[in-house]
Each structure stands twice: as C-alpha cells, then as structure tokens.
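I have placed the structure first, in the form of structure tokens, so that the comments after it can refer back to it.
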Amino acid sequence: MKMSFFRDKSILSKAKIVCKTLVVLILSVLLFVPTPALALDYNGTLQTYVSNTKVEIDGVLTSIKKLPSLSYENGKTTLAEIDSRLHKIKTDAGNNAEYFKNLSNNYQISYDNNLKNINQLSLKKQYLENMLWNLSHVISYQIADSSIKQYEENNQNLSKVIVLTNKISQLCDDLEKRINLAKQKSGNVKEYADALRSFSDSDILGEISELDKFVADLTKNLS
C-alpha cells in the first residue's frame, strides 16, 4: 500500500514538473507569435498599390497622346516628364518587389517556427498522457491542444499573408521589367525627335504610337 502511495506521489510530482515545463514553454513561444502579420490587410495593400499605379500610368498615357500636337521644345519637356514618371514607377516597383519578398521570407520563417512549436507541444502532450493516464485529458488537452490550435490557426493566416506578399513582389518585379522596355521605346522617340526636330513627323508618329501601346500594356497584368 505504501509502495503504491509513493509511486503515485512520484508520478504526480513528475507530472507537476512536466505541466510547469509545458506552461513555461507555451508562454515563452506565444511571446513570438507574429501578430503584426495577421493585423495587416495585405489584400488591401495590393489593391491600393495597383489602383495608384494605374492612375500613374494613365497620367503617362495622357502625356504621350499629347506629344504629336506639341512643338519640338514643349514636346521635349513633356517627353522628359514622361521618362521621369516611368522611372519613378519603375523605382517604386523595384523597391516594393524587394520589400515584399523580404517580408514574405520573414513570414515563412515564422510559419516554419510555428510548425516546430506545434511539434514540441505535441511531444509534450504525448509525454503528459504517458505520465498522467486518466488526468491527461484534463491537463494536457486543456493546455497543449488549445496552444496547438492557436498555432495552426496562426499558420493558416500566415499562409494567406505569404501568398499575398509573394504576389505583390512578383507583380512589382514583372512591372519593373516591362517598364524597362517602355523606357527603351521612350528613348527611341527622343532620338527620332532630336533628329527630326519634330513630334508630328510621320516617322516619329509610329514610334509614339508604339510607346503608347507599351505603356498601355503595363496595366494589363496589374490585378
């Protein structure tokens, strides 16, 4: 009888230690839950960026359409403004591509860390079940299962954020590359204008038309 009492007391003592360890583990890892990722609306961020970029591109298109009716001097000024605006859109796209790629990578690290924490808690839970038998459902399930569920829910949200930040990064990267082509066409228009001293000559009108199409096409993949 005494042997059984001491054995049960020993088991309960070990169980208490394990429970305390588990609680400490849960509290410590919960401090690193990446809540900022869940608080930000990256879908809204994407839509806002796309909307603002389309407005910028539409402004460039409006300027391009005016070129044939402008004098050589005014046309040169407008063309310089077009090139400057394209450069700004390109620079912003490049910066955003890098920023959101790094952001996505950081969230992926958080996602992977959550998986490790889930595995740790699962192992602790199994150990509690072996140590506590009937009490395991009261203690381990209430503590471990609840924290595991939090991490799983967090990872579901993180996975959506990772997809969105990747999408923004890829969209910006693609836009930056396509603007490079538009800027090359803008350079061709400038060369023709400098040679012809005009923006209404029949030869340059074709180049202006192509520039207009290049810039208009920039909005096609923006979504």
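Remark: the D112 side chain and the Q108 side chain contain an N/O donor-acceptor pair separated by less than 3.5 Å. Y42 and Y107 share a side-chain donor-acceptor pair at under 3.5 Å. Checked by atom type, the side-chain pair Y72/D194 shows a donor-acceptor distance below 3.5 Å.
A donor-acceptor distance shorter than 3.5 angstrom exists from the side chain of T78 to the backbone of N74, with no hydrogens or angles considered. In this structure, the side chain of S51 does not engage the main chain of Q47 through any donor-acceptor pair within 3.5 Å. No donor-acceptor pair closer than 3.5 Å links the side chain of N96 to the backbone N or O of C172. S209 places no side-chain N or O within donor-acceptor distance of the main-chain N or O of L205, the cut-off being under 3.5 Å. With N117 contributing its side chain and N113 its backbone, the two residues share a donor-acceptor pair below 3.5 Å. Side-chain N or O atoms of S84 include none that pairs as donor or acceptor with a backbone N or O of A80 at under 3.5 Å.
L218 CG to I89 CD1: the interatomic distance, rounded to the nearest 0.5 Å, is 7.5 Å. Expressed to the nearest 0.5 Å, how far CD of E98 lies from CD of E176 amounts to 9.5 Å. In this structure, CD1 in I148 is found 12.5 Å from CD in E153, a value given to the nearest 0.5 Å. Rounded to the nearest 0.5 angstrom, L115 CG and Q120 CD are separated by 11.5 Å. D92 CG to N52 CG: the interatomic distance, rounded to the nearest 0.5 Å, is 10.0 Å. L158 contributes atom CG, which lies 6.0 Å from atom OG of S110 (distance to the nearest 0.5 angstrom).
Residue L61 is not grouped with residue L181 when hydrophobic side chains (ILVMFWY) are merged at heavy-atom distances under 4.5 angstrom, including chains of intermediate members. L46 and V163 fall into different hydrophobic clusters, defined by Ile, Leu, Val, Met, Phe, Trp and Tyr side-chain heavy atoms under 4.5 Å apart, directly or through other members. Tracing side-chain contacts under 4.5 Å through hydrophobic residues (I, L, V, M, F, W, Y), one reaches I64 starting from I204; they form part of the same cluster. The hydrophobic clustering, which links ILVMFWY residues whose side-chain heavy atoms are closer than 4.5 Å, places I118 and I109 apart. Placement of L86 and L222 within a single hydrophobic cluster is found when ILVMFWY residues are connected by side-chain heavy-atom separations under 4.5 Å, directly or transitively.
We find that K177 and D174 are not joined by a salt bridge, their nearest charged nitrogen and carboxylate oxygen being 4.0 Å or further apart. Remark: D83 engages K183 in a salt bridge, criterion side-chain N to carboxylate O under 4.0 Å. A salt bridge is defined here as a Lys NZ or Arg NE, NH1 or NH2 lying under 4.0 Å from an Asp or Glu carboxylate O, and K54 with D58 fails to meet this definition.
Counting heavy atoms from C-beta on, the side chains of E152 and N155 never come closer than 4.5 Å. Between Y192 and I208 there is no side-chain heavy-atom pair separated by less than 4.5 Å. Between N154 and Y111, every side-chain heavy-atom pair lies at or beyond the 4.5 Å cut-off. In this structure, T91 and N95 have side chains that are in contact, with non-hydrogen atoms separated by less than 4.5 Å. Here the side chains of F199 and L70 are not in contact, with every heavy-atom distance at 4.5 Å or above. Inter-residue side-chain proximity for F100 and L164 is flagged as unmet; no heavy-atom pair is nearer than 4.5 Å.
Listed here is the closest heavy atom pair of L211 and S186: CD1-N, 3.8 Å.
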For this session: Using the salt bridge (charged side-chain N to carboxylate O under 4.0 Å, His left out) rule, take K65 and D212 through it: C-alpha gap first, then chi angles, then the decisive distance, then the call.
Result: CA-CA 7 Å; K65 294 182 189 303; D212 183 84; 3.1 Å; yes
